[in-house]
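Side chains are part of it too, since the values below use all heavy atoms of this structure and drop only hydrogens, waters and symmetry mates.
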Amino acid sequence: MSNQLTFPSPDKKHKAVLTHLGESQSGSSYYSLSIDKFPNSFANRIFGKVCLWSPESRFLSVQEWKETEDANPPKLYLLLIIDVLAGRECLIASVDGTRGNILPEGFIGESLMYTVMYYGQFGTTRSFESRFQYLDGWQTIK
């Protein structure tokens, strides 16, 4: 298995790189993230195998894992949006890691479409839309 996964932006001006760090007991791999414009900004954070660029290459959606313990799945999956042009990031949504998973599906206009899959005997899948550019929680990438 390759140690790195590279996700070039559609305009080929940027790239996101996921570097393999390990696997949870469920077999899901987790990674470190670097983006060429912000090479060390995401150090000491853990990400899933999810990177989705917007068609104009300005926004990148990623899945961050929070409160991970060595081989266990994370306590929380976070869906983040990174504005590469403005140098900021924002939380779109989160889900309890023991109850489900969250994945970006695609960008449509000013919205990010994403899916939350809930585990269990009667597991469900729900689709959502976020007009992410209008969210209040944007933070500057350091």
Between [X] and [Y], is there a shared hydrophobic cluster once you connect ILVMFWY residues whose side-chain heavy atoms come closer than 4.5 Å?
X	Y	answer
Val17	Trp65	no
Val62	Ile141	yes
Leu5	Leu80	yes
Ile81	Val50	no
Leu135	Phe107	yes

pair [X]-[Y]: side-chain heavy atoms closer than 4.5 Å:
X	Y	value
Leu103	Met117	yes
Leu79	Pro104	yes
Val84	Trp53	yes
Leu60	Cys51	yes
Thr115	Arg126	no
Lys49	Ser29	no

Are more than 12 heavy atoms from other residues, nucleotides or ligands located less than 6.0 Å from atom CZ of Arg99?
-> no
Flag if over 12 foreign heavy atoms under 6.0 Å of NZ, Lys37 | yes
How far does [atom1] of [X] sit from [atom2] of [Y], to the nearest 0.5 angstrom?
X	Y	atom1	atom2	result
Lys12	Lys15	NZ	NZ	12.0 Å
Glu89	Leu78	CD	CG	10.0 Å
Leu21	Thr19	CG	OG1	7.0 Å
Met113	Glu129	CE	CD	4.5 Å
Asn101	Tyr119	CG	OH	4.0 Å
Phe38	His14	CZ	NE2	8.0 Å

So, are Arg88 and Asp83 salt-bridged, with charged N and O less than 4.0 Å apart?
-> yes
Could you go step by step and tell me if Thr125 and Tyr118 meet the side-chain contact (heavy atoms from CB on, under 4.5 Å) rule?
-> CA-CA 6 Å; Thr125 300; Tyr118 295 98; over 6 Å; no
Determine whether the side chains of Tyr77 and Glu64 contain a donor N or O and an acceptor N or O closer than 3.5 Å.
-> no
Residue pair [X] / [Y]: nearest heavy atoms and the distance that separates them:
X	Y	result
Pro8	Thr6	CD-O, 3.5 Å
Ser9	Ser57	CB-OG, 3.5 Å
Lys13	Asp11	N-OD1, 2.9 Å
Ile102	Ser94	CD1-N, 4.3 Å

Kindly say whether the aromatic ring centers of Phe47 and Tyr31 come within a distance under 6.0 Å.
-> no
Within the 6.0 Å centroid threshold, strictly below: Phe132 and Tyr114 = no
Under 3.5 Å: donor-acceptor pair, side chain of Ser130, backbone of Leu112 = no
Sub-3.5 Å donor-acceptor pair from the side chain of Ser61 to the main-chain atoms of Leu52, do we have one?
-> no
According to the interplanar angle, ranging from 0 to 90°, do the rings of Phe59 and Trp138 count as parallel (below 30°), tilted (30 to 60°) or perpendicular (above 60°)?
-> tilted
